[in-house]
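Shown next, in structure tokens, is the structure this report addresses.
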Amino acid sequence: MPMYTFVDLDPDGIAIMSTYKYGSYRLAHETVTAGQTAGLTLPNMRWLGLKKHHISPDSVHESTAVAEYMPDLQGLMRLTARDRTKAARMLEWDLCCEAGPEQEWRHELQGMLMLNIKAEMQILDECPGGILSFLQNELGQVHDTEEDTVLAMSCMEEGLLF
């Protein structure tokens, strides 16, 4: 079953997503149970939320055109000193380092730092169609890709190649 996370485009949102996907960094010593099996994590969880391309004035992405409404949006803010410090520290995490598995997170954190901007998901309420339209569009794109993958896998299981 596909699992998604919908978080703010800020260092705290990415940290929350990291905790769900990989477990708590501070409680890493507790993620192994008595039977030596991994603790509760969601390693296949995917990020479904605002990203830099959604709020960029030069956005060419075909999803919600948040950039058109940027001057009037209340959820678009400058990074605080705390946000900048947290983002810089996160770029040093094993997950977000240059060779880490979460290059998308790294790219988004770097973009936040360069643009000195963060966005709350409530920003979508002010755009035409609101959050519902954004989610329908994003999930529709994900669903189309997954549907093609499932079809290809089922054909391979039945011995069909095309």
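Small disclaimer: the values here were computed from a predicted structure and weren't measured.
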_Contact check, side chains of Trp105 and Gln110, non-hydrogen atoms, under 4.5 Å_ = no
*Check the pair Phe6 / Leu135 against side chain to side chain contact (heavy atoms under 4.5 Å, CB included), numbers first and verdict last.*
CA-CA 9 Å; Phe6 189 59; Leu135 289 173; 4.0 Å; yes
_Under 3.5 Å donor-acceptor, Arg46 side chain and Met3 backbone_ = no
*Rounded to the nearest 0.5 Å, how far does CD1 of Ile117 lie from CG of Asp10?*
12.0 Å
*asked:* For Glu102, run the side-chain contact (heavy atoms from CB on, under 4.5 Å) check against Tyr22, Trp93, Trp47 and tell me which one passes.
replied: Tyr22
*Answer yes or no: is there a side-chain heavy-atom contact under 4.5 Å between Leu9 and Met112?*
yes
*Tell me, do Cys97 and Leu91 make a side-chain contact under 4.5 Å, heavy atoms counted?*
no
*More than 12 foreign heavy atoms under 6.0 Å from CG of Asp94: is that the case here?*
no
*For residues Leu109 and Ala87, report the shortest heavy-atom separation together with the two atoms involved.*
CD2-CB, 4.0 Å
*Is Lys118 salt-bridged to Asp8, going by a charged N under 4.0 Å from an acidic O?*
no
*Charged N to carboxylate O under 4.0 angstrom, Arg82 versus Asp12?*
yes
*With distance as the sole test, does Glu108 use its side chain to make a donor-acceptor pair with the main-chain N or O of Lys52 at under 3.5 Å?*
yes
_Atom OH of Tyr20: over 12 foreign heavy atoms under 6.0 Å_ = no
*Heavy atoms only: give me the nearest Glu98-Gln103 pair and the separation to one decimal.*
O-NE2, 3.1 Å
*Which heavy atom in Met45 sits nearest to a heavy atom in Met17, and how many Å separate them?*
CE-O, 3.4 Å
*Has the side chain of Arg84 got a donor or acceptor atom that lies under 3.5 Å from a matching backbone atom of Leu113?*
yes
*Please round to the nearest 0.5 Å and tell me the distance separating atom CG of Leu50 and atom CD1 of Ile123.*
6.5 Å
*Give a yes or no answer on whether the side chain of Ser18 reaches the backbone of Ile14 with a donor-acceptor pair at less than 3.5 Å.*
no
_Worked verdict on Ile131 versus Asp125 for side chain to side chain contact (heavy atoms under 4.5 Å, CB included)_ = CA-CA 6 Å; Ile131 288 178; Asp125 284 335; 3.6 Å; yes
*Flag side-chain contact, heavy atom, 4.5 Å: Phe134 against Met121*: no
